[in-house]
Amino acid sequence: MIYIMIRHEISRYLIAPLSCDYMFHKIESMDDNEVRIDFLMVYYISRQFLDEYIKDRLKSKKHIIELNVPYAYKSKLSFN
C-alpha cells in the first residue's frame with residue numbers, strides 16, 4: 001500500500017493541475033496496487049486542480065482511497 005500525504009507531496013493549497021499530473025505519474029510508476037491519498041490539512045483546491053485530479057483518478061489503474069477530504073470537496077471526489 002502506498003500512503004501519500006498530499007500536503008507534503010504537493011502543498012496545502014492545491015492549485016496547479018500540472019502538479020496533479022506529476023503526482024499521478026509517480027503513483028502509476030509504483031508497484032503497489034492500493035494507494036491512500038490523505039487530504040489532511042489541505043485548505044484549498046482550485047477548480048482546475050480538481051478537474052485534473054478527477055480525470056487522472058478515473059484513468060488510473062490503481063485502487064485509490066481518499067482520506068480526510070475537505071467537506072466542500074467530498075461530493076466531487078466520491079467515486080463509489
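Every heavy atom of this structure was used, including side-chain atoms; hydrogens, water molecules and symmetry mates were not. These numbers were taken from a predicted model, which means no experiment stands behind them.
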Measure the [atom1]-[atom2] distance between [X] and [Y] for me, rounded to the nearest 0.5 Å.
X   : Y   : atom1 : atom2 : value
L14 : Q48 : CG    : CD    : 12.0 Å
E34 : I64 : CD    : CD1   : 10.5 Å
H8  : M41 : NE2   : CE    : 8.0 Å
N68 : I37 : CG    : CD1   : 12.5 Å
L67 : F39 : CG    : CZ    : 9.0 Å

Student check: side-chain heavy atoms of [X] and [Y] closer than 4.5 Å:
X   : Y   : value
H63 : I65 : yes
N33 : M1  : no
Y73 : L50 : yes
F24 : E52 : no
I45 : I15 : no

Item to check | Contacts of type side-chain contact (heavy atoms from CB on, under 4.5 Å), residue D32, not counting sequence neighbours | outcome: I2
Checklist entry - What residues, two or more places apart in sequence or in another chain, satisfy salt bridge (Lys or Arg N to Asp or Glu O under 4.0 Å) together with R7? => result none
Next on the checklist: Taking the basic N atoms (NZ, or NE/NH1/NH2) and the acidic carboxylate oxygens, is any pair closer than 4.0 Å for K26 and E9?
Outcome noted: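 Salt bridge: yes.
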Next on the checklist: Between the side chains of D51 and K55, is the shortest nitrogen-to-carboxylate-oxygen separation below 4.0 Å, so that they form an ion pair?
Outcome noted: no
Checklist entry - For E66 and Y53, does a side-chain donor sit closer than 3.5 Å to a side-chain acceptor? => result yes
Checklist entry - Judged by modelled atom types alone, do Y43 and R12 share a side-chain donor-acceptor pair under 3.5 Å? => result yes
Checklist entry - Between S60 and K62, which heavy-atom pair has the shortest distance, and what is it? => result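 In this case the closest contact between S60 and K62 is OG-N, 3.1 Å.
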Item to check | ILVMFWY cluster, F49 and L18 together (side-chain gap under 4.5 Å) | outcome: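 The answer is no; the residues belong to distinct hydrophobic clusters.
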Next on the checklist: Quick check on the hydrophobic clustering: are Y22 and V35 connected, directly or via other members, by side-chain heavy-atom contacts under 4.5 Å?
Outcome noted: no
Item to check | Name of the residue among V42, D38, I10 meeting side-chain contact (heavy atoms from CB on, under 4.5 Å) with M5 | outcome: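 Result: among V42, D38, I10, D38 is the only option passing the side-chain contact (heavy atoms from CB on, under 4.5 Å) with M5.
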